[in-house]
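One structure below.
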Amino acid sequence: MADECVPVIRYKELPEGPAVVLLDQTRLPAEEVELVCTDVPALVDAIRSLAVRGAPVLGIAGGYGVALAAARGFDVADAAEQLAHARPTAVNLAYGARRVEAAYRAAVRSGVGEAHAAARALAEARALHQEDAEASDRIAEYGSALLSELVPGGGLRILTHCNTGRLVSGGEGTALAVVKAVHRAGELRRLWVGETRPLLQGARLTAYEAAEAGMAYSVLADGAAGSLFAAGEVDAVLVGADRIAADGSVANKVGTYALAVLAGHHGVPFVVVAPVTTIDPDTESGSGIEVEQRAAHEVTEGPWAGPMGTGPGAGVGPGGGSAVTPVGAHAYNPAFDVTPSALVTAVVTDEGVVSPVTSGGIAELCSTSPGRASRSANGMMKS
Ligand SMILES: CSC[C@@H](O)[C@@H](O)C(=O)COP(=O)(O)O
């Protein structure tokens, strides 16, 4: 990450006390604005409004939020509960909150006193942040090596969905970290960026990161993916994950499943990239993953004109945007969908690659993964 970038997330001592300071992703790419959260409700709002979003950084936000509660003398158990449930699908959020809560509780039990316990909570949150940055580097290595096996010869045209880069991570991200490594190696011909309706994480955020990295990229309407495959323009699909069940089913941004079906039909590798902390062995299968349902106005109003944008129609509809549907239109707005493992060529993690994607392969990875081991050792509870 270049020095001049506004940090995606940090815990900062301000004159008015400690705070979690976020790069407000709802304002990108128009402006880089920081959002200062001095209490847990403000951070929960930031998580729900997607000012901070994407599985790994949600874990970091959950961790810093609990540390903030401890430092400010709020009820830590309540804070962890609020944060763990702020959004239901990305397992990392509950993981981060519970892990830091467990560190705080262990410190309190050891009798070190509140101030030291708060310091231990912050140290744990910082460790989580650092681990995620390191995981990102390993993911990039594993992912780029896998791609050169799957699609030898370079000149790759990679299709991605949503945003999986530095904005979702302590490091360079997950799927986009792999793309960045391929780009640095001179082997990326084009990054196809699905716009990712309704909130345009692809068009707004991935395009922003692709431009920042100097990649050749094109943004496409989600509905244009089919014709792109039919034209033979896609060599591989790389996406992130919000939760991977024990059977290898993958919950990710809505629209991912359609891309997996297209990739399967056209014989194109479909690769899921995530840290091991996104694997949830307690969720047996995809049908057990809770998919967040979001407000109708995200679909019925143009995000470009509302809180996610700066267009002339801002502020017109009930959600703050300008209505694009008839008044009273109902909407179907799941934030995620679930792709069965049979459609996934490989799951790339910071601890290795699972391919073919089977429950046995996922279980084996978890059993040998230090990340997964520390998760249970730190008292992660299913939320
Ligand atoms: C590495 S990020 C993977 C996923 O979290 C990402 O693809 C995604 O679906 C994010 O959804 P969002 O609703 O923007 O939080």
Side-chain angles (χ1 to χ4, degrees), residues 8-9 22-26 28 44 46-62 86-96 132-133 135-140 143 159-180 193-209 222 237-244 250-260 270-280 289-295 298-299 303 307-308 333-339 344 347-350:
V8 172
I9 185 166
L22 307 166
L23 170 60
D24 185 346
Q25 297 191 32
T26 66
L28 292 174
V44 167
I47 290 169
R48 291 201 171 125
S49 68
L50 310 195
V52 60
R53 47 144 300 279
V57 79
L58 285 176
I60 298 167
R87 294 185 73 194
T89 307
V91 70
N92 298 66
L93 176 57
Y95 165 63
D132 187 63
S136 209
D137 292 345
R138 291 195 297 276
I139 279 173
L159 172 62
T160 192
H161 191 60
C162 198
N163 171 260
T164 61
R166 71 174 181 85
L167 296 172
V168 303
S169 167
E172 285 199 317
T174 62
L176 203 55
V178 177
V179 176
K180 287 177 183 176
V193 180
E195 62 170 352
T196 316
R197 281 283 285 150
L199 297 180
L200 305 178
Q201 287 92 333
R204 294 186 304 109
L205 307 177
T206 299
Y208 167 80
E209 289 199 48
D222 295 334
V237 181
L238 258 64
V239 295
D242 285 84
R243 189 180 296 238
I244 301 174
V250 175
N252 192 49
K253 178 52 57 191
V254 67
T256 300
Y257 173 49
L259 295 180
F270 182 88
V271 178
V272 171
V273 188
V276 283
T277 48
T278 299
I279 299 176
D280 177 14
I289 299 176
E290 183 182 349
V291 171
E292 176 185 5
Q293 302 292 325
R294 291 186 62 89
E298 292 180 347
V299 173
M308 292 284 169
N333 189 19
F336 305 99
D337 58 27
V338 178
T339 299
V344 182
V347 171
V348 174
T349 76
D350 47 315

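Read the numbers this way: they start at 1 and go in the same order the structure lists the ligands and their atoms. When a residue number appears, it is its place in the shown sequence, counting from 1.
In this structure, CZ on Arg204 lies 11.5 Å from CD on Glu195, to the nearest 0.5 angstrom. Between Asp242 atom CG and Glu292 atom CD the span is 9.0 Å, to the nearest 0.5 Å. From Leu259, atom CG reaches atom OG1 of Thr339 across 8.5 Å, with rounding to the nearest 0.5 Å. Going from atom CG of Leu238 over to atom NE2 of His161 covers 13.5 Å, rounded to the nearest 0.5 Å. Rounded to the nearest 0.5 angstrom, Leu205 CG and Leu200 CG are separated by 9.0 Å.
Considering backbone and side-chain atoms alike, Arg87 places an N or O below 3.5 Å from some N or O of ligand 1. Residue Pro56 has no N or O atom closer than 3.5 Å to an N or O atom of ligand 1. Looking at Thr164 next to ligand 1, no N or O pair under 3.5 Å apart turns up. Between His161 and ligand 1, no N or O atom pair is found at a separation short of 3.5 Å. For a threshold of 3.5 Å applied to N or O pairs, the pair formed by Phe336 and ligand 1 contains no separation below that value.
Between Arg53 and Asn163, the side chains place a donor N or O and an acceptor N or O closer than 3.5 Å (distance only, hydrogens not considered).
Looking at atom 11 (O) of ligand 1, its nearest protein heavy atom turns out to be Lys253 CE, 3.3 Å. Nearest protein neighbour of atom 4 (C) of ligand 1, counting heavy atoms only, is Asp242 OD1, 3.1 Å. Scanning the protein for heavy atoms near atom 7 (O) of ligand 1, the closest one is Asn252 OD1, 2.7 Å. Protein heavy atom in closest approach to atom 14 (O) of ligand 1: Arg53 NE, 2.5 Å. Looking from atom 1 (C) of ligand 1 to the surrounding protein, the closest heavy atom is Thr174 OG1, 3.0 Å.
For ligand 1, the atoms sitting less than 4.0 Å from at least one non-hydrogen atom of Gln201 are 12 (P), 13 (O), 14 (O), numbered in the order shown with element in parentheses. Remark: ligand 1 atoms within the under-4.0 Å shell around heavy atoms of Ala55 are 2 (S), 5 (O).
Not a single heavy atom of Ala335 sits less than 4.0 Å from an atom of ligand 1.
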Derivation of the side chain to side chain contact (heavy atoms under 4.5 Å, CB included) call for Val273 and Thr164: CA-CA 9 Å; Val273 188; Thr164 61; over 6 Å; no
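No donor-acceptor pair closer than 3.5 Å links the side chain of Arg87 to the backbone N or O of Leu50.
Contacts between Cys162 and ligand 1 below 4.0 angstrom, taking non-hydrogen atoms only, involve the side chain exclusively.
Classification of Glu209 and Lys180 as a salt-bridged pair holds, one side-chain N sitting under 4.0 Å from a carboxylate O.
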